[in-house]
Engineer: 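My structure is below; once you've seen it, I'll send some questions.
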Amino acid sequence: DRSSSAKEGRDGGLSPDKTVASSRSENVNEIIPIEASNDDGDDIPIHPALYYASVFLIVATLLQVLSTFEEKTGPFDWFAGMLIPRFLSMGFYAGRDLDDLLVGTNGRMVCPPDQWIDETFSVGNDRPVKGLYSLEYDPRKKVFKPSLFPHCALLRWVQLEKEHNCPAGHEYVTVIHPPAISRRSEGATKIPKIIHLSSPTNCLPSYTAEALRRLTHEHVSQAYAIYVHSSSTMDNFLFQREWTIFPQVKEGVLCGTGKLNAVAEAAIKELKVGNSTDQRRRIADRITLGLKRDIWRYMVLWEYGGITLDIDALHAILREGGSSSTKTSSTNSANASNHGGYATLRTLMHQWNAEKNDALLYFINNVDKQRLPYKDRIPSTDIMGMAPHHPLVYYCAKVALRIAVWDSEKSITDTGRTTKVPPMREGLAQLNRGWKNTKTGEVMEMKNENKNSIHFLDGDAVLPPALSSPRTAPWRSIFVAFQSTGTDGTPSGDSINAAMRGFAGEQKYIPRAMFSCMEYTLDMYLQTTTVKK
């Protein structure tokens with residue numbers, strides 16, 4: 001029997017190997033490990049999960065390298081953007097949404113390490129800069145990747161400088177956050193709910209800070225975060241950051257400031273303003289700050305989007321309220337947060353919050369309210385909103401930088417600084433040559449891949465006279481600079497206008513050529529022609 005059984009096993013039965021294979025095939029749900037060999041020839045099983053994870057990691061690494069080369073967000077960037085804040089917040093903000101974690105509550109914010117915010121912050125801000133044109137900060141030498149955490153990056157930018165004491169009646173403010181912010185509160189608007197407030201310093205009048213806090217806390221559902229960008233913040237943002245798409249930023253600020261400063265000093269001397277050299281210097285610095293703000297405005301909108309608002313425009317709103325048809329009562333600045341000024345600011349915020357397009361512009365001097373000799377409506381740059389990387393911002397920035405860099409471009413025109421209104425008009429023309437056919441109140445839609453759109457809003461209907469008069473609105477910051485001395489005998493707006501336009505007109509001696517002022521010596525006294533170095 002044993003011999004016949006053995007024979008059957010050899011001839012017609014199943015061999016031991018086949019028996020094992022059969023038993024494995026019967027259990028189809030069993031995971032069969034993948035085998036590898038070591039140096040001794042022994043088989044080492046590799047779990048399929050580990051195998052596929054290794055393949056995924058290799059593919060993700062290749063995609064990240066390719067994405068970095070193409071300056072796009074890669075898989076590692078995406079995972080870091082989702083996971084790092086959650087790891088940092090474990091045990092402190094359990095159950096909160098991601099946007100809640102970033103913005104935080106009552107000013108508290110959880111942010112990832114600096115290299116995940118903006119690579120600029122990890123390049124040694126603690127050591128002194130060796131010059132504005134040092135290789136360390138040359139925008140043409142490095143590749144920049146957009147920040148994955150705009151709120152965290154903005155918080156760092158506005159808080160790079162150390163806090164300092166403010167005069168009586170003022171307080172130091174860098175950021176005002178709503179109690180909470182989340183994606184649920186964003187609604188249909190495409191413009192980020194960020195207000196960029198530009199100011200010479202972070203010392204704001206107490207009534208202004210009170211009005212802004214009340215605005216953000218009273219309308220929590222709108223969830224706007226307000227960042228105060230001082231002159232120092234703008235310098236850090238423009239000079240230390242790397243601008244690969246706009247490599248002329250540094251030259252634009254330096255050249256444009258030089259040209260405008262020459263005109264300002266000549267006008268100040270002609271009008272005999274200021275009691276001392278230091279006081280006249282402060283007036284000129286305040287005037288040239290406007291040009292830096294013109295360029296900064298486009299750069300911050302390009303990178304982060306949101307609403308840009310000048311501190312002088314904000315004070316005009318709080319002091320005067322809206323237009324004569326919407327203004328209610330009280331022009332007292334100290335009480336503005338309780339009367340017409342605050343109501344106008346609240347109306348503007350409701351307007352921004354309800355905006356469904358990805359850009360909004362206010363126009364003054366419209367057809368029904370034109371003031372001679374100004375026959376065309378004027379786009380206001382004091383308040384405007386854009387989505388990040390909007391094509392209008394791109395064209396306006398390029399034009400503003402060209403005007404600032406080329407010596408053949410004047411620094412003053414009939415609408416104030418040439419970097420203020422002209423770039424907006426030319427930028428609109430670049431997008432749509434028939435933009436003037438779009439009436440105020442209508443939306444100009446673009447037939448591009450992103451289907452961008454711009455809402456033309458009526459500034460005459462909602463803005464105070466200081467911001468809607470074509471005679472004073474474009475010149476407002478220049479007039480404010482002359483009035484900042486606080487002395488009697490401040491020249492009239494017409495005198496300032498005539499003097500600055502006259503001195504700017506003397507720039508006609510500069511040859512009409514496409515060259516940078518960094519290659520030529522710019523005559524600061526506007527008397528002799530430039531000569532090559």
Engineer: Not counting sequence neighbours, which residues clear salt bridge (charged side-chain N to carboxylate O under 4.0 Å, His left out) with E426? List them please.
Structural biologist: R402
Engineer: Among residues two or more places apart or on two chains, list those pairs meeting salt bridge (Lys or Arg N to Asp or Glu O under 4.0 Å) that have a residue in residues 229-238.
Structural biologist: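 Every salt bridge (Lys or Arg N to Asp or Glu O under 4.0 Å) pair that includes a residue of residues 229-238, provided the two are not neighbours, is D235-K292.
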Engineer: With sequence neighbours excluded, tell me which residues meet side-chain contact (heavy atoms from CB on, under 4.5 Å) with T201.
Structural biologist: C203
Engineer: Do Q159 and T174 have side-chain N/O donor and acceptor atoms under 3.5 Å apart?
Structural biologist: yes
Engineer: If we ignore angles and hydrogens, is there a donor and acceptor under 3.5 Å between the side chains of E163 and N202?
Structural biologist: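 Distance-only check fails for E163 and N202.
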Engineer: Just distance, no hydrogens or angles: give the donor-acceptor pairs under 3.5 Å from side chains in residues 282-289, sequence neighbours left out.
Structural biologist:
unit_1 : atom_1 : unit_2 : atom_2 : d
R282   : NH1    : D278   : OD2    : 2.3
D285   : OD1    : R281   : NE     : 3.1
D285   : OD1    : R281   : NH2    : 3.0
T288   : OG1    : A284   : O      : 3.2
T288   : OG1    : D285   : O      : 3.0

Engineer: Centre-to-centre under 6.0 Å for Y227 and H177, is that the case here?
Structural biologist: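 Between Y227 and H177, the centre distance is under 6.0 Å.
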Engineer: Regarding T233 and S230, is there a side-chain donor-to-acceptor distance under 3.5 Å anywhere?
Structural biologist: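 On atom types as modelled, these side chains qualify, holding a pair under 3.5 Å.
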Engineer: What salt bridge (Lys or Arg N to Asp or Glu O under 4.0 Å) pairs are there with at least one residue in residues 381-396, not counting sequence neighbours?
Structural biologist: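 Checked against salt bridge (Lys or Arg N to Asp or Glu O under 4.0 Å) - neighbours excluded - the pairs reaching residues 381-396 are D382-K420, D382-R476.
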Engineer: Over 60° means perpendicular and under 30° means parallel, so tell me whether H389 and W302 are parallel, tilted or perpendicular.
Structural biologist: parallel
Engineer: Closest heavy-atom contact between M234 and S199?
Structural biologist: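 Closest heavy-atom pair between M234 and S199: CE-O, 4.2 Å.
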Engineer: Just to verify, what does N432 make a side chain to side chain donor-acceptor pair (under 3.5 Å) with, not counting sequence neighbours?
Structural biologist: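 N432 satisfies side chain to side chain donor-acceptor pair (under 3.5 Å) with no residue once adjacent residues are dropped.
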Engineer: Give the table of side-chain donor-acceptor pairs shorter than 3.5 Å for residues 390-399, with sequence neighbours excluded, one pair per line with atom names and distance.
Structural biologist:
unit_1 : atom_1 : unit_2 : atom_2 : d
H390   : ND1    : L392   : N      : 3.1
H390   : NE2    : D358   : OD1    : 3.2
K398   : NZ     : I245   : O      : 2.9

Engineer: Quick test of your reading: applying salt bridge (Lys or Arg N to Asp or Glu O under 4.0 Å), list the pairs with at least one residue in residues 266-276, sequence neighbours left out, ordered by first then second residue.
Structural biologist: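 Passing the test, one end in residues 266-276: no pairs.
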Engineer: Under the ring pair (Phe, Tyr, Trp, His ring centres under 6.0 Å) test, which residues partner F456, sequence neighbours left out?
Structural biologist: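 By the ring pair (Phe, Tyr, Trp, His ring centres under 6.0 Å) rule, F456 matches F363.
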Engineer: Could you give all pairs that pass the salt bridge (Lys or Arg N to Asp or Glu O under 4.0 Å) test and reach residues 433-442, with sequence neighbours left out?
Structural biologist: none
Engineer: Could you go through L428 and I454, starting from their C-alpha distance and side-chain angles, then the distance that decides it, and tell me whether this counts as side-chain contact (heavy atoms from CB on, under 4.5 Å)?
Structural biologist: CA-CA 10 Å; L428 289 169; I454 307 172; 3.9 Å; yes
Engineer: Run the salt bridge (charged side-chain N to carboxylate O under 4.0 Å, His left out) test against E171 and tell me which residues pass, sequence neighbours left out.
Structural biologist: R213
Engineer: Would you please name every residue forming a salt bridge (charged side-chain N to carboxylate O under 4.0 Å, His left out) with R297, sequence neighbours left out?
Structural biologist: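 For R297, the residues satisfying salt bridge (charged side-chain N to carboxylate O under 4.0 Å, His left out) (neighbours in sequence not counted) are D294, D310.
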Engineer: Over 60° means perpendicular and under 30° means parallel, so classify the ring planes of W243 and F237, tilted if in between.
Structural biologist: perpendicular
